[in-house]
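Letters A, B, ... mirror the listed sequences (proteins, then strands); counts begin at 1. The analysis underlying the following values was restricted to heavy atoms, covering all of them including side chains, and did not include hydrogens, waters or symmetry mates.
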Amino acid sequence: MLYLQIVLLHLESRIVAAVSQHVLIRYGLSIPITVEQPRQASFGEFALPTAFQLARDLKKAPRAIAQELVAELPEIPGIQSLEVAGNGYINLRLDREAFAAAIALPPPPPPPAGRVLIEHTSINPNKAAHIGHLRNAILGDTFVRMLRAGGRQVNVQNYIDNTGVQVADVVVGFHFLEGRSLADLRTLVETPRFDYLCWDLYAKVSQTYATDEALKARRAETLHAIEAGHGELAEMGALVADKIVGYHLDTMLRLGIVYDALPRESEILHLHFWAAAFELLKERKAIYLESEGKNRGCWVMPGSAFSEHREDEDSKVIVRSNGIVTYVGKDIAYQMWKFGLLGRDFYYRHLRTYPDGHPLYVTASTPEGATPGISFSGNERVYNVIDSRQSYLQDVVQAGLRALGHPQEAANSIHFSYEMVALTPRTCGELGIELTDEDRARPYVEVSGRKGLGVKADDLIDKLIAAAQREVDSRNEHEPAEVRRQVAETIAIGALRYFMLKFTRPTVIAFDFQEALSFTGETGPYIQYAAVRAGKILAKADSTPALPADLGPVLADEELWQSLLAAFRTDSALAMAIQADEPAHMARYAFQLAQAFSNFYQKFPVLTETNPTKRDFLLWLTAAYRAELVRTLNLLGIAVPVFM
RNA sequence: GCGCCCGUAGCUCAGUUGGAUAGAGCGUUUGGCUACGAACCAAAAGGCCGGAGGUUCGAAUCCUUCCGGGCGCACCA
């Protein structure tokens, strides 16, 4: 069934080849030929704006050129007719019979695979995940699914900063604010929703710093201990981080999000990744020891390395005057490892096996207990899914690679950036968050972990499931409770994932409960519903769907023909979405596909159709729609419930 | 101050990389269920694409400039 899409793609490239060759011979011009979809379906299947492009060079009216082209272009197999439209467009119509016959063609070979790495999620392991993290993970996971469907070999990583200040802050809270020992913490981490407890504690500690200088001094002490990896404070930090990572993995698994490996900062420290990178940076003179000014005694990267616009851009400190590397420095080392440029690797220990059998590895600093023979280093292309506020730092990392003499890798370092998820003032009100008059007047309010201001991921998922459950129960009283529960979950996840994907990456999402809880209109459930209805028809049909031999009369029906075309755009939509690095395009396509099916569903009753050939065709097309809907939803990480 | 992002229907957003009459969803109004399940469909109303210049056959899209909003610009991560 996929062949149809391939046929369309092939046809497009045949048109491009035929037209560009003709233009070259006839006019001696070599121009890029673009093929578009006509504004109105009744115009045909393809449109060529070629005459407009030629008008400049030929100094002739576009319409006249179009007429010339139509008269002189050689026949293109699969194309029935050409006609001039408007003031110079050329519309092409498919040979429908030939097109239908092409269904029998064998499937094409898979596209060449390249090894790519995607890092996403990467939440500080010191508190529960919030909606902003959901956007990151859903965006990353969806893009992974898209790339894999597009033939790429992808490995998925979730970076764990288990030795950073955020973990230290929570340890400060437990130990110095609440006076807990390591033994106390060992029992405490086992209490339910330990991640929520940390959420509140982190906010409390952050606020206490403002008035308590002594506590702030404890933070530095704690961070130091955690980085060194020795002593009670370090053990507390490891305990907290490991436990919270477990919660994050569970939360993401609820959304169908899994990883291949968890690289941890503790191993980057213990295996001295930075030392290796530092030597290389010095050797290539990518950084220098500042001898004067405010950065005296620091190793810095000159501003000109990462900013093309200004010579006097401030240089970026990589190693502090006390000899301790900054976050960016560590990130450069990590990015080098991703490309296999560091000359070092982690050991990998098996951490868990996902329900589908997929193994998850975590990095280790010794070969003890490690699984031999695996590596996640050495990728051709690297996507870092990180919010747009960190674009400055990502630029510095990229500049580091360039300065080290790796322009190729720098160019293949992609900051897959996205805007933040904020809250509408109304949602803040519902959450009982006090707002200033100034905030209330804004269109949205930024979430803040330090202030404890935000919507926890699991709370949102629970709320969505509850809302979906009400709908499911009211429509399906006769179904077993356990199945209803599963259906409600599938719908809730569908709604959430689609909601996070429908916005393009640079758009700030002003999160609103009312909008996110909606199951009608442009939502995940709308698309799931289309797939479920298609499935119902197929289940009730007495025959298996097969394409009838004589399609002439059926394809003459304009609406049916359009319906057929609309069902087979997945591959080209996928290719375009990958090329644009934009999962929202895929989400948009899924919705359009569902709309096309809903349309078809309304206009053409399948099971009651009396003409047997037409009935066979309708049934076949229903099966095609169902398959494409399932496949497309799968790309978005959305499952299809058994009923709705 | 410098850099990046955004400004499109009442609201929330798309706009296939410069193409034909600018599209969806929500909301509003109206019509359609003894059902291949209405979480749906059909129809209507709703637009100086922030303003002004420019580039060209053609601009929501590219350039310049102004206005309005957001986010960055640490020896934090």
Original post:
Is the shortest side-chain N/O distance from Y601(A) to OP1 or OP2 of A38(B) below 4.0 Å?
Top reply: yes
Subject >> G-U wobble or Watson-Crick pairing nucleotide for G18(B) (cut-off 3.5 Å, both distances) >> reply: none
Original post:
Have Q398(A) and S413(A) got a donor and an acceptor in their side chains that come within less than 3.5 Å?
Top reply: no
Original post:
Has the side chain of S321(A) got a donor or acceptor atom sitting under 3.5 Å from an opposite partner on the base of C75(B)?
Top reply: yes
Subject >> Residue closer to the 5' end of RNA chain B, I537(A) versus V317(A) (nearest nucleotide) >> reply: I537(A)
Original post:
Any ion pair linking K316(A) and D331(A) (charged N to carboxylate O, less than 4.0 Å)?
Top reply: no
Subject >> Spacing of the P atoms in C6(B) and A74(B) (rounded, Å) >> reply: 23 Å
Subject >> Of the listed nucleotides U17(B), C57(B), C40(B), the one nearest the side chain of Y529(A) >> reply: C40(B)
Original post:
For I324(A), which contact category applies under a 4.0 Å heavy-atom criterion: base, sugar-phosphate, or nothing?
Top reply: nothing
Subject >> F503(A) side chain, from C-beta outward: closest of C36(B), A20(B), C13(B) >> reply: C13(B)
**OP:** Quick one: label F643(A) by what it contacts on the DNA or RNA (base, sugar-phosphate, nothing), any heavy atom closer than 4.0 Å.
**Re:** nothing
**OP:** Assign A530(A) to base, sugar-phosphate, or nothing according to its heavy-atom contacts below 4.0 angstrom with the strands shown.
**Re:** nothing
Original post:
Is V167(A) touching bases, backbone alone, or none of the nucleic acid, heavy atoms closer than 4.0 Å?
Top reply: nothing
Original post:
Is the phosphate of A20(B), meaning OP1 or OP2, less than 4.0 Å from a side-chain N or O of N91(A)?
Top reply: no
**OP:** For nucleotides G23(B) and A45(B), find the distance between their P atoms and express it as a whole number of Å.
**Re:** 14 Å
**OP:** Using a heavy-atom cut-off of under 4.0 Å over every strand shown, decide if P605(A) touches base, sugar-phosphate, or nothing.
**Re:** base
Original post:
With a 4.0 Å cut-off on heavy atoms, is N599(A) in touch with a base, just the backbone sugar-phosphate, or nothing at all?
Top reply: sugar-phosphate
**OP:** Tell me what D542(A) touches on the nucleic acid: a base, only sugar-phosphate, or nothing, going by heavy atoms under 4.0 Å.
**Re:** nothing
Subject >> Sugar-phosphate, base or nothing in reach of R219(A), heavy atoms under 4.0 Å >> reply: nothing
Subject >> Chi-angle category of U28(B) [syn within 90° of 0, anti beyond] >> reply: anti
**OP:** Identify whether any heavy atom of F604(A) sits under 4.0 Å from a base atom; if not, whether one sits that close to sugar-phosphate; answer base, sugar-phosphate or nothing.
**Re:** base
**OP:** Ignoring the backbone of Y526(A), work out which of G23(B), C41(B), C71(B) is nearest its side chain.
**Re:** C41(B)
Original post:
Counting any heavy atom closer than 4.0 Å, what does Q595(A) reach on the DNA or RNA strands: base, sugar-phosphate only, or nothing?
Top reply: sugar-phosphate
Original post:
Is a donor-acceptor contact shorter than 3.5 angstrom present between the side chain of N295(A) and the base of A74(B)?
Top reply: no
**OP:** State which of C41(B), A14(B), A77(B) makes the closest approach to the side chain of Q602(A).
**Re:** C41(B)
Original post:
Nearest to the side chain of Y444(A) - G37(B), G70(B), A77(B)?
Top reply: G70(B)
Subject >> R588(A)/E522(A) salt bridge by N-O under 4.0 Å criterion >> reply: yes
Original post:
Taking any strand in view, what nucleotide pairs with A42(B) in a Watson-Crick or G-U wobble way, both distances under 3.5 Å?
Top reply: U30(B)
Original post:
With respect to the phosphate group of C4(B), does any side-chain polar atom (N or O) of H415(A) fall under 4.0 Å of OP1 or OP2?
Top reply: no
**OP:** Give the nucleotide from the list C36(B), A39(B), A24(B) with an atom nearest to the side chain of R588(A).
**Re:** A24(B)
Subject >> side chain to side chain contact (heavy atoms under 4.5 Å, CB included) partner of N124(A), the single match among N162(A), D161(A), V170(A) >> reply: D161(A)
Original post:
If you look at every strand shown and take non-hydrogen atoms under 4.0 Å, does T507(A) touch a base, only sugar-phosphate, or nothing?
Top reply: sugar-phosphate
Original post:
Considering only the P atoms, how many Å lie between G69(B) and C57(B), rounded to the nearest integer?
Top reply: 39 Å
Subject >> Candidate nucleotides C40(B), A77(B), C36(B), ranked by approach to the side chain of E265(A) - the nearest >> reply: A77(B)
Original post:
Base, sugar-phosphate alone, or nothing: which one does R475(A) contact when heavy atoms must sit under 4.0 Å apart?
Top reply: base
Subject >> Closest-nucleotide 5' rank along RNA chain B - winner of E446(A) and S598(A) >> reply: S598(A)
Original post:
Does the side chain of Q592(A) pick up a donor-acceptor pair with the side chain of R569(A) at under 3.5 Å?
Top reply: no
Subject >> salt_bridge(K603(A), E559(A)) N-O dist < 4.0 Å >> reply: yes
Subject >> Nucleotide nearest E515(A) (side chain, heavy atoms from C-beta), chosen from U12(B), C5(B), A77(B) >> reply: U12(B)
Original post:
So, are E45(A) and R93(A) salt-bridged, with charged N and O less than 4.0 Å apart?
Top reply: no
Subject >> C2(B) to U65(B) separation - P atoms, rounded to the nearest Å >> reply: 11 Å
Subject >> Pairing nucleotide - C48(B), Watson-Crick or G-U, each distance under 3.5 Å >> reply: none
Original post:
Base, sugar-phosphate, or nothing: which does K294(A) touch, judged by heavy atoms less than 4.0 Å apart?
Top reply: base
Original post:
Which pair of heavy atoms, one from R615(A) and one from L607(A), lies closest together, and at what distance?
Top reply: NE-O, 3.5 Å
**OP:** Please determine if a side-chain N or O atom of T504(A) lies less than 4.0 Å away from the OP1 or OP2 oxygen of A14(B).
**Re:** yes
**OP:** Determine the Euclidean distance between corresponding C1' atoms of G15(B) and A22(B); express it in Å to zero decimal places.
**Re:** 8 Å
Original post:
Using atom P of each nucleotide, how far apart are U64(B) and C4(B) to the nearest Å?
Top reply: 10 Å
**OP:** For C4(B), give its Watson-Crick or G-U wobble partner with both distances under 3.5 Å, or none.
**Re:** G70(B)
**OP:** Tell me the partner of A9(B), counting only Watson-Crick (N1-N3 plus N6-O4 or O6-N4) or G-U wobble (N1-O2 and O6-N3) with both under 3.5 Å; none if nothing fits.
**Re:** none
**OP:** Compute the centroid of each ring, for Y159(A) and then for Y334(A), and state whether the two points are separated by less than 6.0 Å.
**Re:** yes
Original post:
F52(A) has a side chain; which of G25(B), G37(B), C57(B) sits nearest to it?
Top reply: C57(B)
**OP:** Looking at every strand, decide which applies to S391(A) at a 4.0 Å heavy-atom threshold: base, sugar-phosphate, or nothing.
**Re:** nothing
Subject >> K540(A), nearest nucleotide to its side chain (from G25(B), G37(B), A74(B)) >> reply: G37(B)
